[in-house]
Amino acid sequence: SQVTNVVVDEMDTMLKDGFGPDLKRLMVPLETKSKRDKVQYLMATATLTPAVKKLMVDEGNFPKTRFLQSEDAHKSLPTMRHIMLDTKGGDKVQLLLDVVSQSRQNGERVMVFCNTVASCRATEHALREVALSSVCYHGDMRSEERAAALEKFKSGEISFLVCTDIASRGLDMPFVEHVVMFDFPLNPIEYLHRSGRTARMGAKGKVTSLLTKRDKVLASAVQTAVAKGLPLDALSARKRDY
């Protein structure tokens with residue numbers, strides 16, 4: 001009865017993962033309040049795609065929504081450097097170790113992104129094999145284990161957090177100097193969220209991507225968009241789209 005404002009973060013993920021009906025059910029008691037005590041809903045997301053707008057308005061989840069969007073949304077930050085490295089069919093793990101060697105010397109904290117839990121585990125094992133302090137962070141871990149891993153990374157006890165896309169959102173870690181994409185993402189939205197873990201709050205950051213043959217179309221589109229200062233959200237991984 002005391003609530004006047006409701007804030008929902010990561011709204012795009014909430015809707016795409018099917019939580020729209022659950023959110024509406026939680027809001028029903030608030031809607032029964034008297035009209036003079038209307039509740040305001042604020043919904044935030046870093047990536048506002050046409051698909052998310054459709055889920056909110058056209059499909060009736062939140063039909064009265066008004067949209068406010070920054071002109072810089074979905075663009076790369078000027079303080080962020082993007083590096084694309086072609087693996088050329090070579091040893092991807094060795095290339096990763098070469099990439100992070102400078103980060104180790106500089107004492108940087110690095111997030112290494114993988115597309116699957118299996119890849120995450122294997123990559124973290126490869127780092128530990130060469131005495132690089134690292135931990136995993138993925139959805140197959142218990143929440144207590146993820147929290148412990150994150151605390152080690154935040155405190156500086158561990159320099160490398162090897163993770164899946166579960167770590168690309170909702171974590172405020174302005175100290176991350178380097179993001180490495182061991183596995184290149186399958187879509188531009190995840191590229192935006194992963195790269196957004198560095199260069200936060202005006203700091204400088206670096207994003208290094210290790211590319212296989214199938215990654216080159218989207219990677220080339222990202223490079224072009226960054227160079228021209230264009231949004232990345234609508235880019236495609238399909239060659240026929242270019």
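All values below were derived from every heavy atom in this structure, side-chain atoms included, with hydrogens, water molecules and symmetry-related copies excluded.
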Can a donor-acceptor pair be found, under 3.5 Å and without considering hydrogens, that links the side chain of [X] to the backbone of [Y]?
X: Y242; Y: S236; value: yes
X: T79; Y: A203; value: yes
X: D215; Y: T212; value: yes
X: R146; Y: M141; value: yes
X: R128; Y: V135; value: no
X: H138; Y: A118; value: no
X: D165; Y: S168; value: no
X: S134; Y: L161; value: no
X: E10; Y: G170; value: yes
X: T87; Y: K92; value: no

Option passing side chain to side chain contact (heavy atoms under 4.5 Å, CB included) with [X] (candidates [options]):
X: V222; options: V207, L192, L232; value: L232
X: V6; options: L23, V39, L26; value: V39
X: L85; options: T208, V180, D98; value: T208

D183 and S119: side chain donor to acceptor below 3.5 Å: yes

Residues T47 and D12: side-chain donor-acceptor under 3.5 angstrom: yes

Answer yes when [X] and [Y] have at least one side-chain N-carboxylate O distance shorter than 4.0 Å, and no when they do not.
X: D9; Y: R169; value: no
X: R200; Y: D172; value: yes
X: K154; Y: E151; value: no

Residue R109 excluded, over 12 heavy atoms near CZ under 6.0 Å: yes

Heavy atoms from other residues, nucleotides or ligands near NZ of K152 exceed 12 (cutoff 6.0 Å): no

Plane angle bin for H82 and Y191 - parallel if under 30°, tilted between 30 and 60°, otherwise perpendicular: parallel

Distance, nearest 0.5 Å, that separates CE of M14 from CE of M43: 10.0 Å

